[in-house]
> 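This is the structure I have questions about; it appears just below.
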Amino acid sequence: MNIVVCVKQIPDPATPGALDGSTHALKRDGKLILDESDGYGVEMALQLVTTAGSGEVSIVSMAPNGEMSGMRTALAMGAAKGVLVSDPALAGSDALTTAKVLAAAIQKMGAADLIIAATESSDGYTGTVPEQIAEVLGLPSVTFAKKVEISNGVLKADRQSEAGYDEVECPLPALISVTAGVVEPRYPSFKGIMAAKAKPIETFTASDLGVSPAGWAGAGQKIVSVVQAEARQAGEVIEDDGTAFNKIVSFLENLKVI
Amino acid sequence: MAINSVWVFSQAAGGAPTTGTLELLTKARSLTSNVVAFVGGDASAIAGVLGEYGATKVYATGDLAGKLPGPAVSAAMKAIIDGGDSPSVILFPQNYEGRDTMSRLSVKLNRTVLTNNIDIADSADGVVATTPIFGGNSLVTAAFTGEGPHLVSFRPKSFAAESASGAAAAVVAAPVPELGSTGTAKVLAVHLEESSGPKLDEAAVVVSGGRGLGEASSYSLVEDLAKLLKGAPGASRAIVDAGWVPYSYQVGQTGKVVKPAVYIAAGISGATQHMVGMKGSKTIIAINKDKEAPIFGVADLGIVGDVHKVLPQLIELLKSRG
């Protein structure tokens, strides 16, 4: 069972985001970390390979500036190797170009039985890349999977739906996107962190992959304005002295909710 | 470029078009008189309502026979477009089926996508769509620079659904072509998570709980209060990820968008991810131990206190009033 996990390295969500003044793109010039959403996919892949008894987990990522620190986190969790597509010409790529690049990288990595991604990144949250990769590679997919099992080359997953969930069966090779909480991501051990430093990360450019980089010009979209939204005003804030519940009740009465 | 025709990815639940579908049809007819509803499934029972809300034609794939809508409906759309009927814009809901179908179609047509939007317009810059970022603090408007059909998705409740009193729309078959390997995933069983009381995204009152509840068993306080107020219980992403409540309870960027008359946030600090889903509520009441919690910045009434004390007192008083 060979599994490729698509991971994204993003600016630390704990620091306030900012847009570049000229391109209006999210600033990504600081240190990048592994998107928290991707921890679930990496963990799921590690568990599936363990259950299968053979194979390995590889990770693939795309970043314009050669950043690898987030990928090292996934390697420290237990992934065997990584591929980074790094090319300044890819800056400003839209989701479709990103999917084409990642699909080309996955093909170059050799035969994968399964490709795993998060349902969406925490910084851009376009949420289309996994399904676009599946379409580029001509694969079936199960998106929004919240429980995954593989036996005899067939994947069974519970797929989130508006009203509950669907049980879906899918032959391999396939792509799945997994929701947060699908498994509990392990913390990298000290040994894992040390080992990750020696694990290989191969780097490709867009032209190595035979993908013509689209970047800003080819994105098919451009930002025409960024404005401040109307801010909501804060109301009354009181410290609970043991009677605040009365205040809530009279508030609800005024609103005619009760 | 002018918008000549708009398709709306249309869904049904329980034999009726979803509210999200009617919202998008309402917006579509403000852009053009040529509005087409595209249904992944059988449309005979819903063509009347789709027409009432502005669709002049309905494309329907017929029963998908367990195929996932993403590959199937996108292939049916591609076949109609290749056949010569190509819309200027296709509107999708920002939900599971909408996202999958739009993603597959974007590859088939080699078109970019604009997602998570709350508005669309035909402007001097071309077709533009607006999306909130940084928890809704900024609004970004982007234009499509290439050829149509332009693929755009919208957050729920971006538009108010209004009937146009239109006549029933004619249903035209849009069969799903042979899908090959992309169509091999099959739905074996459908599970509905039954919930009593109003639906989270339609309730007039929503009571949500977060990590401040401390442990999963305390979530019953949220459920009890919601029930007493004839509302729906919701949750922050933190406690959904922790497995306390199902994903269907989640309010926020990756969950449901709610705009109730009253939103009560209990033990929720107000992460950006959560605020996106509830900031549109008419009135917000927040209870949190930390007086610096961002949730107080948007609350009409903020109580700095312990949810384990305030909620039981509140529940007791409401119960005694009957």
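Chain letters run A, B, ... following the sequence lines, proteins first and then strands; every chain starts at 1. For the numbers below, each heavy atom of this structure counts, side chains included, while hydrogens, waters and symmetry mates do not.
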> Side chain, backbone, both or neither: which part of Asn110(B) has a non-hydrogen atom closer than 4.5 Å to chain A?
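Both the backbone and the side chain of Asn110(B) come within 4.5 Å of chain A.
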
> At a heavy-atom separation under 4.5 Å, does Lys156(A) approach chain B through its side chain, its backbone, both, or neither?
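Only the side chain of Lys156(A) comes within 4.5 Å of chain B.
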
> Can you say whether Glu36(A) sits under 4.5 Å from chain B via the side chain, the backbone, both, or neither, judging by heavy atoms?
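It is neither, since no heavy atom gets under 4.5 Å.
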
> Which bit of Ala174(A) is near chain B, if near means a heavy-atom gap under 4.5 Å: side chain, backbone, both or neither?
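For Ala174(A), no heavy atom lies under 4.5 Å from chain B.
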
> What pair of heavy atoms forms the shortest contact from Arg104(B) to Pro140(A), and how long is it?
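Heavy-atom minimum between the residues: NH2-C, 3.9 Å.
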
> Looking only at heavy atoms, what is the nearest atom pair of Leu139(B) and Ala229(A), with distance?
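Leu139(B) and Ala229(A) have their closest heavy atoms at CG-CB, 3.9 Å.
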
> When you look at Lys282(B) and Leu255(A), which way does the side chain to side chain contact (heavy atoms under 4.5 Å, CB included) test go after all the steps?
CA-CA 10 Å; Lys282(B) 210 159 172 199; Leu255(A) 294 168; over 6 Å; no

> Which bit of Leu139(A) comes within less than 4.5 Å of chain B, counting heavy atoms only: side chain, backbone, both or neither?
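Answer is backbone: N, CA, C or O of Leu139(A) sit under 4.5 Å from chain B.
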
> Below 4.5 Å from any heavy atom of chain B, which atoms of Leu155(A) appear? Answer side chain, backbone, both or neither.
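Nothing of Leu155(A), per the 4.5 Å heavy-atom cut-off to chain B.
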
> Given heavy-atom pairs under 4.5 angstrom as the criterion, report whether the side chain, backbone, both or neither of Val298(B) touches chain A.
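Both backbone and side chain.
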
> Where on Ser138(B) is there a heavy atom nearer than 4.5 Å to chain A: the side chain, the backbone, both, or neither?
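Looking at Ser138(B), backbone and side chain both touch chain A.
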
> Which answer fits Val128(B), side chain, backbone, both or neither, if we ask what part of it has an atom under 4.5 Å from a heavy atom of chain A?
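When you check distances to chain A, only side chain atoms of Val128(B) fall under 4.5 Å.
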
> Among Leu318(B), Asp241(B), Ile315(B), Thr130(B), which has the most heavy-atom pairs under 4.5 Å with chain A?
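Among Leu318(B), Asp241(B), Ile315(B), Thr130(B), the one with the most close pairs to chain A is Asp241(B).
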
> Which atoms form the tightest heavy-atom contact between Ile133(B) and Tyr125(A), and what is the distance?
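Between these two residues, the closest heavy atoms are CA-OH, 3.9 Å.
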
> If you round to the nearest 0.5 Å, how far is CD of Glu253(A) from CZ of Arg321(B)?
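Here the interatomic distance stands at 4.0 Å.
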
> Would you tell me whether Thr119(A) and Arg99(B) have side-chain atoms, one donor and one acceptor, within less than 3.5 Å of each other?
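The answer is no; no qualifying pair exists.
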
> With a 4.5 angstrom heavy-atom cut-off, is it the side chain or the backbone of Ala134(A) that approaches chain B, or both, or neither?
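Both backbone and side chain.
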
> How far apart are the closest heavy atoms of Ala180(A) and Arg237(B), and which atoms are they?
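Heavy atoms only, the tightest pair is CB-NH2, 3.6 Å.
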
> Do you know the tightest heavy-atom contact between Ser106(B) and Gln132(A)?
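Taking Ser106(B) first and Gln132(A) second, the nearest heavy atoms are OG-NE2, 2.6 Å.
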
> Picking from Thr112(B), Val187(B), Thr283(B), Thr272(B), which has the most non-hydrogen pairs under 4.5 angstrom with chain A?
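Greatest number of close heavy-atom pairs with chain A: Thr112(B).
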
> I need the Leu68(B) CG to Asp166(A) CG distance, nearest 0.5 Å.
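It is 8.0 Å, given to the nearest 0.5 Å.
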
> Sort Lys230(B) into side chain, backbone, both or neither according to what part of it lies under 4.5 angstrom from a heavy atom of chain A.
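Neither part.
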
> Is there a donor-acceptor pair closer than 3.5 Å between any side-chain N or O of Thr141(B) and the backbone N or O of Val224(A)?
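Not a single qualifying donor-acceptor pair exists.
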
> Which atoms of Glu162(A) come close to chain B, meaning under 4.5 Å heavy atom to heavy atom: side chain ones, backbone ones, both, or neither?
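Interface part for Glu162(A): both.
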
> Can you tell which part of Ile285(B) gets under 4.5 Å to a heavy atom of chain A, answering side chain, backbone, both or neither?
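Interface part for Ile285(B): side chain.
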
> Taking atom NZ of Lys186(B) as the centre, report whether more than 12 heavy atoms of other residues, nucleotides or ligands fall under 6.0 Å from it.
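Atom NZ in Lys186(B) is packed in, count exceeds 12.
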
> OG of Ser161(A) to CD of Glu97(B): how many Å apart, nearest 0.5 Å?
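Here the interatomic distance stands at 8.0 Å.
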
> Let me confirm one number: the CZ-CD1 distance from Phe251(A) to Ile264(B), rounded to the nearest 0.5 Å.
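The distance works out to 9.5 Å.
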
> Taking Lys309(B), Arg111(B), Met102(B), Gln11(B) one by one, which has the highest count of heavy-atom pairs under 4.5 Å against chain A?
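Answer, by heavy-atom pair count under 4.5 Å with chain A: Arg111(B).
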
> Determine, stepwise, if the pair Val304(B) / Ile238(A) fulfils side chain to side chain contact (heavy atoms under 4.5 Å, CB included).
CA-CA 6 Å; Val304(B) 182; Ile238(A) 59 168; over 6 Å; no

> With a 4.5 angstrom heavy-atom cut-off, is it the side chain or the backbone of Ala189(B) that approaches chain A, or both, or neither?
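When you check distances to chain A, atoms from both the backbone and side chain of Ala189(B) fall under 4.5 Å.
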
> Please name the pair of heavy atoms, one in Val249(A) and one in Leu317(B), separated by the smallest distance, quoted to 0.1 Å.
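Smallest interatomic distance, heavy atoms only, reads CG2-CD2, 3.5 Å.
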
> Can you tell me how far the CG atom of Leu228(B) sits from the CD1 atom of Ile258(A), to the nearest 0.5 Å?
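Going from CG on Leu228(B) over to CD1 on Ile258(A), the span is 9.5 Å.
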
> Do the ring planes of His191(B) and Tyr165(A) sit parallel (below 30°), tilted (30 to 60°) or perpendicular (above 60°)?
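Answer is parallel, since the angle falls under 30°.
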
> Checking Gln94(B) against chain A: side chain, backbone, both or neither under 4.5 Å from a heavy atom?
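Just its side chain gets close to chain A.
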
> Under 4.5 Å, counting heavy-atom pairs only, tell me which of Asn116(B), Val310(B), Leu192(B), Val190(B) racks up the most with chain A.
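Ranked by heavy-atom pairs under 4.5 Å with chain A, first place is Asn116(B).
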
> Among Pro171(A), Ala231(A), Pro130(A), which residue forms the greatest number of heavy-atom pairs with chain B at distances under 4.5 Å?
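The answer is Pro171(A).
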
> Would you check, one step at a time, whether the test side chain to side chain contact (heavy atoms under 4.5 Å, CB included) holds for Glu131(A) with Val107(B)?
CA-CA 9 Å; Glu131(A) 188 76 347; Val107(B) 175; over 6 Å; no

> At a heavy-atom distance under 4.5 Å, which candidate from Lys199(B), Lys108(B), Lys256(B), Glu316(B) has the highest pair count against chain A?
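Highest number of pairs under 4.5 Å: Lys108(B).
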
> Is it the side chain or the backbone of Ile284(B) that comes within 4.5 Å of chain A heavy atoms, both, or neither?
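For Ile284(B), backbone and side chain are both near chain A.
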
> Quick one: OG1 on Thr143(A) to CG on Asp100(B), what's the gap to the nearest 0.5 Å?
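With rounding to 0.5 Å, OG1 (Thr143(A)) is 3.0 Å from CG (Asp100(B)).
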
> Of the backbone (N, CA, C, O) and the side chain (C-beta and beyond), which part of Thr243(A) lies under 4.5 Å from a heavy atom of chain B, both, or neither?
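Neither part.
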
> Please flag which part of Val205(B) lies under 4.5 Å from any non-hydrogen atom of chain A: side chain, backbone, both or neither.
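Side chain only.
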
> Quick check on Pro246(B) against chain A: is it the side chain, the backbone, both or neither that has a heavy atom closer than 4.5 Å?
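Neither part, no heavy atoms under 4.5 Å.
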
> Is it the backbone or the side chain of Leu252(A) that comes under 4.5 Å from a heavy atom of chain B, or both, or neither?
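Side chain only.
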
> State, without any angle test, whether Ser103(B) and Glu135(A) hold a side-chain donor-acceptor pair at a distance under 3.5 Å.
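On atom types as modelled, these side chains do not qualify, holding no pair under 3.5 Å.
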
> Side chain to side chain contact (heavy atoms under 4.5 Å, CB included) for Asp240(A) and Asp306(B)? Distances and angles first, verdict last.
CA-CA 8 Å; Asp240(A) 180 30; Asp306(B) 185 353; over 6 Å; no

> Which atoms of Glu169(A) are under 4.5 Å from chain B, going by heavy atoms: the side chain, the backbone, both sets, or neither?
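Looking at Glu169(A), backbone and side chain both touch chain B.
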
> So which residue, Gly181(A), Ala95(A), Ala163(A), ends up with the most heavy-atom pairs under 4.5 Å with chain B?
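Heavy-atom pair counts peak at Ala163(A).
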
